[in-house]
Amino acid sequence: MSEEKKEKSASALLKEKLFASKKQGCLKVSGEELEAADSFCEEYKNFLGKAKIEREAVAYAIEAAKKAGFEEFDRTKTYSAGDRVYVNNRNKAVMLAVIGKKGTTEGVRLGIAHIDSPRLDLKPVPLYEANNLALFKTHYYGGIKKYQWPTVPLALHGAVALKDGTTINVVVGEDESDPCFVVTDLLPHLADEQMTAVMRKAFNGEHMNVLVGSRPFNDDEESEAVKLNIMNILFEKYGITENDFLSADLTMVPAGNARDLGFDRSMIGAYGHDDKVCAYPALMAALDAKTPEKTIIAVLTDREEIGSDGNTGMKSTYMADFVSDLAAADGMQLRHVMAQTTCLSADVNAAFDPTYASAFEANNSCYINCGAVITKYTGSGGKYSTSDASAEFMAKVRKVLDDADVLWQTGELGKVDGGGGGTIAKYVANLNADVVDLGVPVLSMHAPMEVVSKLDVYETYRALYEFYMQ
Ligand code: MN
Ligand code: MN
């Protein structure tokens, strides 16, 4: 015998009308949408494996863009609505633009994300021998908890520029047949001092030495025969000598591909989600944008993890210079374009972690599987160092997302006074554009394996696409 469904009480109905929904995101979307999310993430996982560093992400983006009809931007050419161009900034940052029906005359739509991730860069003089072991000295890049990096299989990625003008791309440790590398750690039996030390001192930057070899070149009396053997292998494979390390961008990153995570395969565990998990949706949405109203520009930038300084970071003029070129073609001045420009700064936020609940304020945190997270402001110590999106701009963004049924949530970065952080939103805001952060919630941010939900990745793609096309 089936019971009649109870009618909703007055307070339940009023709650529905007045309160923000607390329903888990997977229950709000259709089965087809979850399937679309899973299939979108298949190529995202592939991208993660191919684009561990910014140079590789730029190469991937340009290859995909060319296939989708993008051409290298030429400021002497005239472009019209629907034309697709890209600008490669030193192989470390890239911008893709689709010219809109109104061009730049009413501002442009920006989607910006960063393609650098925390890692262990090789020092300019990296290779040395100690007690018959060959090692690389490293200088960590970005904010890492150093204890997470020893005993993790590492791969070498990057480029070596030679004096003859050629550049050699290097990837060692990703193929099953490749060797990998590792930062060693002390055995627990001898770690009394280490285990009782303050965490940041127990493992410091000069401990981050990567083991790369142990066999001497031969049995003669020459010292550093193990180092000599490694240098000889590198010379035979790449034609490089010790001085060439100085003109190289080489780095150690966690080896291996992205993997489905959880029995239900609802999540992805991988190195470098921050911020490829937003860069990939920003890129895909730009490739899918056919003829937008306003010119859209997807910016995949470098150097965010170390403060955005440098010519490939968002403190550089490179993006404004490109907008300036597009504006000139429309008879516009940059400042008039920027004042009407809107931007989604696509970056990750910290997903609520029940194991570390005390670091979060539950009402203002973002959650895995609840969709793209809008972060009104970041910063620390009383909203220092952040652009705080205006109420009016927040209203516009909400409307765009709601009109298209994009699953979204909001979140602050952890508890007030718990620490804090920033994104590149403020550098765009400083150009007098409206900007807000929108991206994917991440567990274990900046760790060798970070975790995201497939649904959130897909909803971030949808958010960016709808924003571009509005
Ligand atoms: Mn980030
Ligand atoms: Mn980061």
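We use all heavy atoms of the structure for the numbers below, so side chains are in, but hydrogens, waters and symmetry mates are not. Order of appearance sets the numbers: ligands from 1, and atoms from 1 within every ligand. None of the values given here were measured: they were computed from a predicted structure.
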Asp116/Lys92 salt bridge by N-O under 4.0 Å criterion:
no
Are there over 12 heavy-atom neighbours, none belonging to Glu63, within less than 6.0 Å of that residue's CD?
no
Contacts of type side-chain hydrogen bond (donor to acceptor under 3.5 Å, both in side chains), residue Thr375, not counting sequence neighbours:
Asn349
Tell me, yes or no, whether the heavy-atom count around Lys137 atom NZ, taken from other residues, nucleotides or ligands under 6.0 Å, exceeds 12.
yes
When you check the space around the Mn ion (ligand 2), which protein N, O or S atoms turn up under 2.8 Å?
Asp274 OD2, Glu305 OE1, Glu305 OE2, His446 NE2
Are the charged groups of Lys415 and Asp417 less than 4.0 angstrom apart, N to O?
no
Tell me, yes or no, whether the heavy-atom count around Gln24 atom CD, taken from other residues, nucleotides or ligands under 6.0 Å, exceeds 12.
yes
